[in-house]
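To start, the structure under review is shown below, and the notes come after it.
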Amino acid sequence: MASKARVIYWFRTDLRLHDSPALQAALDLQPECLWPIFTWDPHYVYRVQGAANRWQFLLDCQNDLSASITALNPASRLFVLREAPQTLLPKLFSAWNVTHLVFERDTDAYARARDATILAAAARAGVTVVTRSGRTLWDPDALVRANAGKPTMTMSQLQAAGRKVGPIPPPLPAPTSLPDPGAMPLEHVEDTHHHHHPPETTAGPDLNARWREGQDAGYARLAGPQGDFAVETLAELGFAPAAATTPHRGGETVALQRLDTVMADVAYAATFRKPQTSPAAFAPASTTLLSPFLHFGALSPRLFYHRALEACSRFRGAPSAPPESLTGQLLFRDMYFAAQAALGAAMAQTVGNPQVRYVPWHLPSKVEYVGGASYTIDHPQAEEWFQRWAAGTTGFPWIDALMRQLRHDGWIHHLGRHSVACFLTRGGCYIHWERGADVFAELLLDHEPACNSGNWQWLSCTAFFSQYYRCYSPVAFAQKWDRDGAFVRKWVPELQRLDKKVIHEPWKASPAELRNAGVALVDFPGVGVDMAPGTYPVRMFDFDERRRICIAGLKKAYEVGLHGDHDKVLDGTALDLFADAGEREGEMEGQELGSNAATAAAAASRPGSSSSSTAKAKKRATGPMDRYAKKQKVR
DNA sequence: TACAGGTTGTCCTA
DNA sequence: TAGGACAACCTGTA
């Protein structure tokens, strides 16, 4: 083994130089060689492949980081290597005589499994692994320990755990120099084909399987199409030039500039109250738009936190406080990360999750593909509603505007997410929150698995939040925030000239009003069929009626009181408990659901309902089932 | 057991 | 524009 340290610094989702405890740890080794590498991780590659916007943002971050590294050492850059880290790193260990591997910890279920593999390989190769926590304010595992090993399900739990763990570390400065990279021989590393083929894994959804075909050409070389380790272009990834439609650009440089701009407006930063920011504001948005940078690690949450505190200290007046303040937003992020750290893969799904309520939603995930994008179409109407929701053709202008902004820009305001999420689940369609989470996962620039799952659970009232009778109206909420309809006009140009009195409920417009606006309300032509120019669909249901049905359905589900780790959820028989209630969500006569036999059969054949999880389910089920029994007796 | 509080509802009344 | 009803959930504290 070499006497001096020869270090691989492995960038994953920490694409920055400032406040990187892991990078600092690497430099503290005073290495003879330091290779800053970014591996192509098929798990993430295939998840984002359908979303050119996210690719663009990632490439922005990589390019910016590469330039910053070169500025610190002209011989160095970000070396992008196109192979799964599980197979690549062990080969590099020996080919490059590596002594240390350094990276930032990641608590996603997939990342934990991957890193366990890497750690074992490093141990076999005699390579020392150094990791640090830098993705969150506190180390999520430390928060879990401080919360008695349980997931943090409320803000007060998170804050109490945070107090126990200790003060949030101040941000570290960016390094002023970097060691040379060593020689990077690949002769004995490189195979001839399929470096980036995905390893066998069921640890997370493969959202973009339909995009995978035809994407393999041109990446046979470990060091990229040009053989120079360069960051690829969108074209090299197989996207059309105009595929990325978002105006939002990535990179640490942009992130730090944007942070400066936000904090320069001391009054804005110090009095920020999230619930009072407008979901209809655009150019500029009412919030900071820093979340995509946090996701890709181009901005440190600790730097953001301490800069926000600094703004409060400079403000002459009463600053806002958590949970509504800017710092409060970061605390919520840590709450979801710590919940995920305790729950593991179950965080992203209902089945097996002790914290998530069972609700017999439409379009449930196929149990044998837990966490995947495969689901059971239990009701054709629900499937059509889901497709219309995802495409922004529901006939509710507010919902459609938000979904179109999401698809085009990759970002919508938090309250907009509330609005469309409530609409899809407990406040309209009664469709499984996992379907909505899948769509957000594909389209959001700032998609963070823990926060996405947690927020969908929150909005569907299956965890974190339970006041299901508070329901967002696609009309009233729109009228509150988009009084004149400017937001709808931007994203639903069909309604551009419609009077503001009816812009959020065009079904109430008179024939003359529609004629004057140059728009015709038409029956939805069908999933996959383009709307004719100058037409807009009739609303896909009566919202007030659907709200009543959904609230009744949630009431029933709360009475039944099952959670995702209950026997009946694990074996697929939970649905039976809703059979004697007539329609499981209290739907009207003549609207009964299609057969659920397929769902039940699929669930029953699930291989993984082990005895240990069953025992755990029994143990936990006592409370909810007691409650159910009591209610039954009272009746 | 009672009660207050919970980042971000809606609708009607005064 | 403010305040209460709506119908009623959870957690945390005393």
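Protein chains get the first letters and strands the later ones, always in sequence-line order, with residue 1 at the start of each.
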State which of C:dC9, B:dT8, B:dT7 makes the closest approach to the side chain of A:E324. B:dT7
Between A:R547 and B:dC11, does any side-chain N or O lie under 4.0 Å from OP1 or OP2? yes
Can you measure from OG1 (A:T152) to CD (A:Q355) and round to the nearest 0.5 angstrom? 9.5 Å
A:W481 near the nucleic acid: base, sugar-phosphate alone, or nothing, with a heavy-atom cut-off under 4.0 Å? nothing
Taking the six-membered ring of A:F524 (Phe, Tyr or Trp), confirm whether the NZ or CZ of A:R388 is under 6.0 Å from its centre and within 45° of its axis. yes
Rounded to whole Å, how long is the line connecting atom CZ of A:R357 with atom P of C:dA8? 14 Å
Report the secondary structure of DNA chain C in dot-bracket form, marking unpaired bases with a dot and bases paired to a different strand with |, and treating Watson-Crick or G-U pairs with both distances under 3.5 Å as paired. ||||||..||||||
A:R135 side chain to A:S300 side chain, donor-acceptor N/O pair below 3.5 angstrom: no
If you check every side-chain atom of A:Q467, which of B:dT8, C:dA8, B:dG6 has the closest atom? B:dG6
Could you please name the option among C:dA8, B:dG6, B:dG9 that lies closest to any side-chain atom of A:F477? B:dG9
Just how far, in rounded Å, is C1' of B:dG9 from CD1 of A:I551? 10 Å
Output yes when at least one side-chain N/O atom of A:K555 is less than 4.0 Å from OP1 or OP2 of C:dA7, else no. no
Taking atom types as modelled, is there a side-chain donor on A:Y375 or A:D438 under 3.5 Å from an acceptor on the other? no
Roughly how many Å is it from CE in A:M155 to C1' in C:dC10, rounded to a whole number? 16 Å
Gap in Å between the two P atoms, one belonging to B:dA4 and one to C:dA5, rounded: 15 Å
May I ask you to say whether A:D446 pairs ionically with A:R417, meaning some side-chain N is under 4.0 Å from a carboxylate O? yes
Among B:dG9, C:dC9, B:dT7, find the nucleotide with the atom closest to the side chain of A:R470. B:dG9
Measuring only the P atom in each nucleotide, how far is B:dG6 from C:dA8? A whole number of Å is fine. 23 Å
Looking only at side chains, do A:H566 and A:Y358 share a donor and an acceptor under 3.5 Å apart? no
Check the distance between B:dT8's P and A:W456's CH2 and give it to me in whole angstrom. 19 Å
If you apply the rule ring-ring contact (aromatic ring centres under 6.0 Å, His included), what do you find for A:F541 with A:F396, and how did you get there? CA-CA 9 Å; A:F541 48 62; A:F396 291 93; 5.7 Å; yes
Taking the P atom of each, how far is C:dA7 from B:dA2, in whole Å? 22 Å
Using a cut-off of less than 4.0 Å, is there contact between a side-chain N or O of A:Q157 and OP1 or OP2 of C:dG12? yes
Any idea which of B:dT10, B:dT7, C:dA7 is nearest the A:Q329 side chain? B:dT7
Atom CD of A:E505 to atom P of B:dT10: distance rounded to whole Å? 13 Å
Can you check the A:F464 CZ to C:dC9 P distance for me, whole Å? 21 Å
Whole angstrom value for the distance that separates C1' of B:dG6 from CG of A:L331: 16 Å
Please determine whether a side-chain nitrogen or oxygen atom of A:T154 lies at a distance below 4.0 Å from atom OP1 or OP2 of C:dG12. yes
Does any part of the side chain of A:W389, heavy atoms only, come nearer than 4.5 Å to the side chain of A:I431, both counted from C-beta? no
Just wondering, do A:F465 and C:dC10 stack (centres under 5.5 Å, planes under 30°)? no
Specify the separation, in whole Å, of atom CG of A:L459 and atom P of B:dT7. 14 Å
